[in-house]
Amino acid sequence: MTGKMQARDERIPILRPRLPDADALLGYLRRIDAARQYTNWGPLALEFEARIAAMLGCDADAVISAGSGTAALVGAMLATAGRPPAAAAAIVPAFTFVATALAAEQAGYRPRLVDVAPASWALEPERLEPGTAVPGDLVVPVAPFGRAVAQDGWSTFRRSTGHHVVIDGGASFEALTENPGRFVGDIPVALSFHTTKSFSAAEGGCVVTTDRALARRVREALNFGFFDARNCVRASTNGKLSEYHAAVGLASADAWAATHADLRRVAEEYARRMRAAGHGARMQVMPAVAGCYALYACVDAAEASALVRSLTGAAIETRAWYGEGLHRHTWYASRSHGPLPVTEDLATRLVALPVAPDLDDAAIDRIVAAVAQGAAVR
Ligand SMILES: *Cc1c(COP(=O)(O)O)cnc(C)c1O
């Protein structure tokens, strides 16, 4: 068998991340060896925060690194409103990764699942029905597939309702760097730097907020309630980023221009080839979503099943990143919720296609061919 034929049959995984290699990490690891500080917001974690802040055009103290996106969410929630009364609810969209609701539970809220808007796939402040939240409740808008959540609407909402708001920015780091004026502000945004995201520290995350007092409370909430004394001052956890993960994050920041350019090339090749095959209108790629996603929007569940069958038959992996919606997870299945027609529709129709910064044209051709065979569009 020739190499080319082998490549043609090779399974294409849904995501093949490419993080900094050992050579790229070495300089940072040597610095850890020399400093002998391994965590507790050491020099690398602080430098990482400053790098992120520079990429977002904000002050370094507006960024608090965290051990994961989920930890960042918990820290932002505890810092925003402390430990809530037992009856307090967190209004969470059903169309998200399960971490959004799990973090709210960790922070002491009972998640209440609500539907998203059909165009944005997100909660929209003007559409939240009056009475959905009562004072003391927390609203958690989510950036679906890295579509960033604007500050202004939620800022107005927070002022007029008095509800707490924490944004789950998930995979929206790229979008924040493109337009920080719109997406960075005093409402805290939790970001994930998990390996599945375009920009990654393997595991990691951060909270971004220009509210200095809140930023300090986030730091306390992520470090046993300590700030400059070993005295616990608030409900809190341990959610810090270690120096080793900060090293990966810093090396990822060094490589970000190249990684981002590679993801852009993949998005453009997808869009170009899908257009040529008559499927262009169905594709959602960067910048409509984060570069780690390439989504094909089917017309209905039947077409999505046919598409997934066709792709699976061609050894191409697909994924429903948000499953069938939060309410379909066993843990949340018994919770009461209102109708969730938009979530149900999106979760069944949006099929994620493979992404890798080095996904080559031959692989994209293979994927487009399998899509053309499986999808109903002609
Ligand atoms: C990735 C993601 C998370 C979880 O982040 P981790 O870093 O994996 O803890 C939460 N919410 C959304 C929307 C995400 O995409």
Side-chain angles (χ1 to χ4, degrees), residues 14-15 17 19 45 48 52 63-78 90-107 109 111 113-114 116 120-123 138-149 154 165-176 183 187-208 218 221-222 237-242 245-246 248-249 252 263 284 286 288-295 319-326 329 331-332 343 346-347 350 352 355:
I14 182 68
L15 182 67
L19 265 63
F48 180 62
I52 297 297
V63 175
I64 305 97
S65 57
S68 68
T70 306
L73 273 170
V74 174
M77 290 170 182
L78 290 173
I91 312 305
V92 170
F95 189 61
T96 183
F97 182 59
V98 69
T100 316
L102 290 171
E105 285 186 280
Q106 293 293 310
Y109 293 89
L113 308 183
V114 299
V116 294
S120 64
W121 310 343
L123 295 190
L138 168 73
V139 180
V140 193
V142 173
F145 295 106
R147 289 179 165 189
V149 175
W154 288 107
V165 180
V166 169
I167 294 171
D168 178 357
S172 66
F173 174 69
E174 285 158 272
L176 266 62
F183 301 125
I187 298 182
V189 183
L191 294 172
S192 168
F193 301 139
H194 185 254
T195 188
T196 47
K197 310 304 205 256
S198 306
F199 179 87
S200 174
E203 289 279 4
C206 72
V207 178
V208 185
V218 172
L222 289 173
T237 183
N238 175 11
K240 300 186 296 293
L241 186 75
S242 84
H245 285 92
V248 180
S252 278
L263 289 172
Q284 295 277 340
M286 184 212 283
V289 293
C292 53
Y293 303 115
L295 305 178
R319 185 159 302 169
W321 284 106
Y322 299 158
E324 298 171 66
L326 284 192
H329 286 272
W331 182 243
Y332 294 113
T343 297
L346 292 172
L350 291 179
V355 171

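Residues: numbered from 1 along the sequence shown. One-based numbering, in listed order, for ligands and for the atoms of each.
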**ring pair (Phe, Tyr, Trp, His ring centres under 6.0 Å) between Tyr322 and Phe97, worked out** = CA-CA 5 Å; Tyr322 299 158; Phe97 182 59; 7.2 Å; no
Can you find an N or O of [X] that's nearer than 3.5 Å to an N or O of ligand 1?
X      : answer
Thr70  : yes
Lys197 : yes
Gly69  : yes
Thr96  : no
Asp168 : yes

**Asked** Can any side-chain N or O of Ser200 pair as donor or acceptor with the backbone N or O of His194 at less than 3.5 Å?
**Response** yes
**Asked** Can you tell which of Ala71, Gly170, Ala66 gets a heavy atom nearest to atom 12 (C) of ligand 1?
**Response** Gly170
**Side chain to side chain, Thr70 and Gln106, heavy atoms closer than 4.5 Å** = no
**For atom 3 (C) of ligand 1, the protein heavy atom that lies nearest, with its residue and separation** = Phe97 CD2, 3.9 Å
**Asked** What's the spacing between Met286 CE and Ser198 OG if we round to 0.5 Å?
**Response** 6.0 Å
**Complete:** CH2 (Trp121) and OG1 (Thr96) are apart, to the nearest 0.5 Å, by 13.0 Å
**Item:** Side-chain donor-acceptor pair present, Glu105, Trp331, cut-off under 3.5 Å
**Value:** yes
**Fill in**
Val142 heavy atoms within 4.0 Å reach ligand 1 at atoms 13 (C)
**Prompt:** What do you reckon, does Gly204 put a non-hydrogen atom under 4.0 Å from ligand 1?
**Reply:** yes
**Message:** Go through it in stages, so that I can follow the logic: the residues are Phe193 and Phe48, the test is ring pair (Phe, Tyr, Trp, His ring centres under 6.0 Å), and I'd like the CA-CA distance, side-chain angles, deciding distance and then a yes or no.
**Reply:** CA-CA 12 Å; Phe193 301 139; Phe48 180 62; 5.7 Å; yes
